[in-house]
Peer 1: 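Quick one: structure below, then a few questions.
Here is the naming used below: chain letters follow the sequence lines, and residue numbers restart at 1 for every chain. Quick caveat, the model's predicted, so the values are computed rather than measured.
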Amino acid sequence: MNNNNTKLLTIVTEAALESRLINDIEQLGALGYTITNARGKGSRGLRSGSWEASANIRIEVICGPDLAKQIANHLQKKYYDNYAMVTFTSDVEVLRPNKFSD
Amino acid sequence: MNNNNTKLLTIVTEAALESRLINDIEQLGALGYTITNARGKGSRGLRSGSWEASANIRIEVICGPDLAKQIANHLQKKYYDNYAMVTFTSDVEVLRPNKFSD
Amino acid sequence: MNNNNTKLLTIVTEAALESRLINDIEQLGALGYTITNARGKGSRGLRSGSWEASANIRIEVICGPDLAKQIANHLQKKYYDNYAMVTFTSDVEVLRPNKFSD
Amino acid sequence: MNSIDPVIWFFLFGLFAGAMKSELRLPSQIYDFVSMLLLLTIGLKGGIELANQPFSTLLPQMVVIVGMGFLLPLFAFPVLKHIGKFNRADSASIAAHYGSVSVGTFAVAVAYMNTRGIEFEEHMALFVVLLEIPAILVGIILARGMSKETQWATVGHEVLLGKGVMFLLGGLFIGWLSGPSGVESISPLFFDLFKGILALFLLEMGLITATQLGSLKRYGVFLVIFGIITPLVFAVLGTATGLALGLSIGGTAILATLFASASYIAVPAAMRISVPEANPTLSLTASLGITFPFNILFGIPLYHWFASNGQSFLVLQNIGQ
Amino acid sequence: MNSIDPVIWFFLFGLFAGAMKSELRLPSQIYDFVSMLLLLTIGLKGGIELANQPFSTLLPQMVVIVGMGFLLPLFAFPVLKHIGKFNRADSASIAAHYGSVSVGTFAVAVAYMNTRGIEFEEHMALFVVLLEIPAILVGIILARGMSKETQWATVGHEVLLGKGVMFLLGGLFIGWLSGPSGVESISPLFFDLFKGILALFLLEMGLITATQLGSLKRYGVFLVIFGIITPLVFAVLGTATGLALGLSIGGTAILATLFASASYIAVPAAMRISVPEANPTLSLTASLGITFPFNILFGIPLYHWFASNGQSFLVLQNIGQ
Amino acid sequence: MNSIDPVIWFFLFGLFAGAMKSELRLPSQIYDFVSMLLLLTIGLKGGIELANQPFSTLLPQMVVIVGMGFLLPLFAFPVLKHIGKFNRADSASIAAHYGSVSVGTFAVAVAYMNTRGIEFEEHMALFVVLLEIPAILVGIILARGMSKETQWATVGHEVLLGKGVMFLLGGLFIGWLSGPSGVESISPLFFDLFKGILALFLLEMGLITATQLGSLKRYGVFLVIFGIITPLVFAVLGTATGLALGLSIGGTAILATLFASASYIAVPAAMRISVPEANPTLSLTASLGITFPFNILFGIPLYHWFASNGQSFLVLQNIGQ
Ligand SMILES: Nc1ncnc2c1ncn2[C@@H]1O[C@H](COP(=O)(O)O)[C@@H](O)[C@H]1O
Ligand SMILES: Nc1ncnc2c1ncn2[C@@H]1O[C@H](COP(=O)(O)O)[C@@H](O)[C@H]1O
Ligand SMILES: Nc1ncnc2c1ncn2[C@@H]1O[C@H](COP(=O)(O)O)[C@@H](O)[C@H]1O
Ligand code: NA
Ligand code: NA
Ligand code: NA
């Protein structure tokens, strides 16, 4: 594991945003993403996941630190005011870092 | 990303504990959490997730380091003896750290 | 939290590999794992999760740094050429590190 | 006691289980399955009627219904904005919910009529589909104005290709293209199981409604009053429309129920994307927490009474002339 | 060969697929769906019978059944503790499992009687509900003593509002309130599909049972013997009770089956929360890995034989007097 | 217009919804549920026929069918390798897909015959099971050679214990062991709902097919031609085989459809594990993106025409002799 400069950006948000977010993330340059279904609670209240309207998703993007920052800032500007959304970033090591950034 | 003092606490445990754990976590002061369904194996054997009795959940809490420690210790004391449970903590960066701790 | 030498290895790959991977991971010495269902996109295209053939899983293994490296290398050698697969590693703190490595 | 339909008991059971914070829960995938079956079945029923009757007979009625679909949210909007003091986006979104229809409420009304052997025009299911969409468009225009910025292509995509509308329209076309005899082979799943599936759907709606009740006190008394008065007023409009169109008593009562009902599947999804600044909890609390239970518990019998008396009134008038 | 019910083959198929480590798997959400339908249907059947018969006729029987529900775990506990050498919590938990009932086993017994045209009292479904709960309370008391620390409100919440009990009680009340004619419209889903749904449920139980078999050797021979002897003894008690209550042969055989059966839905969930120090693998291995297959494969025909011979014995005695 | 079966409309609806990138989606768990029911039902039907007829009558036909199951992929392989210029693994994998059968296509063919009142031998369902497996084995051998390294035990495990094959075989054995009267009690779920369940399955297949269409242009024109010519050629072989075996017109048409159909459940799963170097997108694009829609939209009526004309031809020949 030869690189410590790769980031894992995690986004937890409303399931209704899935296709929009994927569009945004890909347009900003991410080469991949992983999605899992989730439920939770935060400043916008309980999202129990019992039906579409209250379902969350959890998106993970492995990318370089600049892109991670860029995506997070873009999402904050575009969605934070109106949608339940949380993003956080952590350091990860990958075997082939160039797979995750052009 | 202006802060390196936020923690991500992850708890993997039996689905039957969901409502209790949420209670505990909120009472200790967490402002939110995210839950996904999971399955797995550990010291208490295989939990295949094929029915309620063997289903796991994976709870994530973003919070300050003190609260993370406090929650982990509380869970250890209260549940480790009798339940399948694993907790781990990692460093994360968030855009608005004050969202996750009072 | 008394230890900073534990790793969280995350593997995102095709659901069809589940039983094989678990076998491999356990044989290499991991004491546990956690699995969630996922979908995503990467160099091998979209895996929408709408049926078995396109479903992903997300496997997490908490273990020592050597084992993490060993598992990641083993998977790279055995599966990267033919399967959609991504692995990444991060640092985690656990309460009882000896629970995760012999 | 026997006069309450068992599907209503399923709703109350869900409400109770939710309010008691029981462990009872339906997996969201099962909710998806059950609501898909419900939407497809109603679409199929509407489509079969389209196949049964010459299109030209139905067209005038359809035009009137679509017209009312555009009007209803326009009635609700000023009340919400000026009396309710909601901001523009919230007013528009709530208005769209009430201008549109609730498929669950429709299904309960149909069950009500069937149980009592009350006849109604089978093409009411077609009206459900017709009433679903106009209010969404009006809601978006009310929120944004007719600004050029609005990406109408995207909006159209969101509205028409949303899950709820797609299943209804898909069922409609399949029913229309296959006709009553063609659909026979799939009727055990879609028609024979319908009431049972509706029972499960209502059980889940009860559970979800229970979670909405918590937000009720936060949003105060106006929302409660609005959530009860609006269906009553709209039901009167629906009764008048039904009688004007020459519908039977049963048909008129169902049309009144449709007008009185508020969407909680298609509209919330569309608003979330197209009017994101509207607070979704607000509209769902009203439509699901107040209007839905009000309609299925008290509204439908009342609207039936509206329709019967409205028609007697017309008959008397005609005699008087 | 034709004498084995197809639903049993589904169980054996699941068992085989699980034992062979095949890729065959039911999503947990489908298991939830199938078990929900099963529980609701049995509750509904019990409720319809409550509506059919004057409550006063059933009350004496109900009191006896509830009383036995409290007694059965008390018989099992000392055996587990003193002969089985299990600790207090484990003994209490296993005793609660065996004192309570298995809804799946009940459904198989009903199918057995139906296939053979054997009559039984329809209100047996009511007994399922009645027998579900008392053993849980006894189990908790056995584990903790009557200590003041026990938060009985929480325990009551856990027990009554657990998924299994809620669905059974919900179905019961809905069936009771709607009556046989009211429930007719939902019968295609809940009653016509019942045997098919039971088949899927048993397929899944076979898969799950296969995973339990692995733990068998770890827990040794006592558990196997206990898992076979207890149902036999409890079935004798059930036969005696049924005959004492004047039940038909079919009814007596079903009551014997209920006594003989061990819970694997409601009780494990309740024990996990209320007696957490009990090892859940232990009780599930016994109830699901041994007693469940024993009962549905061998037990039910045997208990039917118990009931027939018990009644002949009574008849002979009466003649002799 | 009425001549198109409604289940086909469901497929086209899914295709449209997918192509328009609508929000319509079935949870994967519901897809699992629906395809499980489909596979079990077809297995059950095959098994019932095994119980109905003396095994010795069927055996010769079964041997021929299995033989053809081994032969078909051998015909496809050289075409793929030498004309299509695919590498060894891809050629072998695609050949295995086309040598095996599609359960969905079979179900549509059965629906087609039923709608038109065309008789066919009920044991065709048995042939589905028989044709499922041989092509997989041939595919693996074609990819790897008969090398000693191949862990045939593992391969056998993968093939026989894969989900699709297990459900078919499980249903087959249950149907066989229970017989037609035994299976009656579970028929409301497995048989009465069959066409409805098939409709949902085809809706989902439409959605999935839409996602495959995107890869079509990437893989060029050979794959499209192969995906249409192969079913035609194999259908001719199937017609000949059917007539040779003395099957009815309906039975011959269904056998032709089976030969013409390409697997997208059992074979992809087996190839992914046993021939991992084969590109799964390639074979699924061909089998699901081209051959499946071709067969259900155009193929089945055509193969019916093959069978009718083939038989007339035989009759004429016999008269001529
Ligand atoms: N402190 C937190 N820890 C973990 N997840 C959170 C936290 N806060 C919010 N979330 C997740 O993010 C979603 C949106 O958060 P919010 O915008 O704060 O309502 C919630 O529904 C949770 O799933
Ligand atoms: N080493 C590990 N890595 C990842 N997940 C684990 C590990 N050990 C346990 N788990 C998860 O935590 C659950 C409870 O663990 P345990 O209490 O050790 O049985 C398991 O069912 C797994 O889902
Ligand atoms: N950059 C990325 N970030 C997050 N997840 C990824 C990324 N690339 C690939 N994945 C996940 O890993 C799976 C396999 O990746 P690949 O082998 O690149 O197709 C994908 O289906 C995604 O779920
Ligand atoms: Na309305
Ligand atoms: Na018992
Ligand atoms: Na074929």
Peer 1: Is it the side chain or the backbone of F:Ile8 that comes within 4.5 Å of chain D heavy atoms, both, or neither?
Peer 2: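 Answer is neither: F:Ile8 stays 4.5 Å or more from chain D.
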Peer 1: State whether D:Phe194 and D:Lys45 meet the cation-pi test: NZ (Lys) or CZ (Arg) under 6.0 Å from the six-membered ring centroid, and within 45° of the perpendicular axis.
Peer 2: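 Flagged: D:Lys45 positioned over aromatic ring of D:Phe194.
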Peer 1: With respect to chain D, which residue among F:Gly14, F:Ser22, F:Ala17 yields the maximal number of heavy-atom pairs within a distance under 4.5 Å?
Peer 2: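 Option with the top pair count is F:Ser22.
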Peer 1: Test your reading of the model: is there a side-chain donor-acceptor pair from F:Thr41 to the backbone of F:Phe190, 3.5 Å cut-off?
Peer 2: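 Yes, because the side chain of F:Thr41 sits within donor-acceptor range (under 3.5 Å) of the backbone of F:Phe190.
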Peer 1: Does any heavy atom of chain F fall under 4.5 Å from the side chain of D:Met36, the backbone, both, or neither of them?
Peer 2: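 Just its side chain gets close to chain F.
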Peer 1: Regarding D:Lys195 and D:Asp5, does a basic nitrogen lie under 4.0 Å from an acidic carboxylate oxygen?
Peer 2: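 The answer is yes: the pair qualifies as a salt bridge.
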Peer 1: Please answer whether the main-chain N or O of D:Glu184 pairs with a side-chain N or O of D:Ser187 as donor and acceptor at a distance below 3.5 Å.
Peer 2: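 At least one qualifying donor-acceptor pair exists.
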Peer 1: Please flag which part of D:Leu40 lies under 4.5 Å from any non-hydrogen atom of chain F: side chain, backbone, both or neither.
Peer 2: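 Just the side chain, heavy atoms under 4.5 Å.
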Peer 1: So, D:Tyr98 and D:Thr291: side-chain donor and acceptor under 3.5 Å apart, yes or no?
Peer 2: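 On atom types as modelled, these side chains qualify, holding a pair under 3.5 Å.
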Peer 1: Side chain, backbone, both or neither: which part of F:Leu12 has a heavy atom under 4.5 Å from chain D?
Peer 2: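 Answer is neither: F:Leu12 stays 4.5 Å or more from chain D.
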Peer 1: Can you classify the ring geometry of D:Phe55 versus D:Trp176 as parallel (below 30°), tilted (30 to 60°) or perpendicular (above 60°)?
Peer 2: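 The rings of D:Phe55 and D:Trp176 lie parallel, inter-plane angle below 30°.
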Peer 1: Is it the side chain or the backbone of F:Leu200 that comes within 4.5 Å of chain D heavy atoms, both, or neither?
Peer 2: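 Just the side chain, heavy atoms under 4.5 Å.
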Peer 1: Counting heavy-atom pairs under 4.5 Å with chain D, which one of F:Ser28, F:Pro188, F:Gly196 comes out on top?
Peer 2: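 Highest number of heavy-atom pairs under 4.5 Å: F:Gly196.
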Peer 1: Where does D:Leu169 contact chain F at under 4.5 Å (heavy atoms): side chain, backbone, both or neither?
Peer 2: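 Looking at D:Leu169, nothing touches chain F.
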Peer 1: Please state whether the side chain, the backbone, both or neither of D:Phe173 comes within less than 4.5 Å of a heavy atom of chain F.
Peer 2: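 Answer is neither: D:Phe173 stays 4.5 Å or more from chain F.
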Peer 1: Can F:Phe127 and F:Phe106 be said to form a ring-ring contact (aromatic ring centres under 6.0 Å, His included), step by step?
Peer 2: CA-CA 10 Å; F:Phe127 294 173; F:Phe106 168 73; 9.7 Å; no
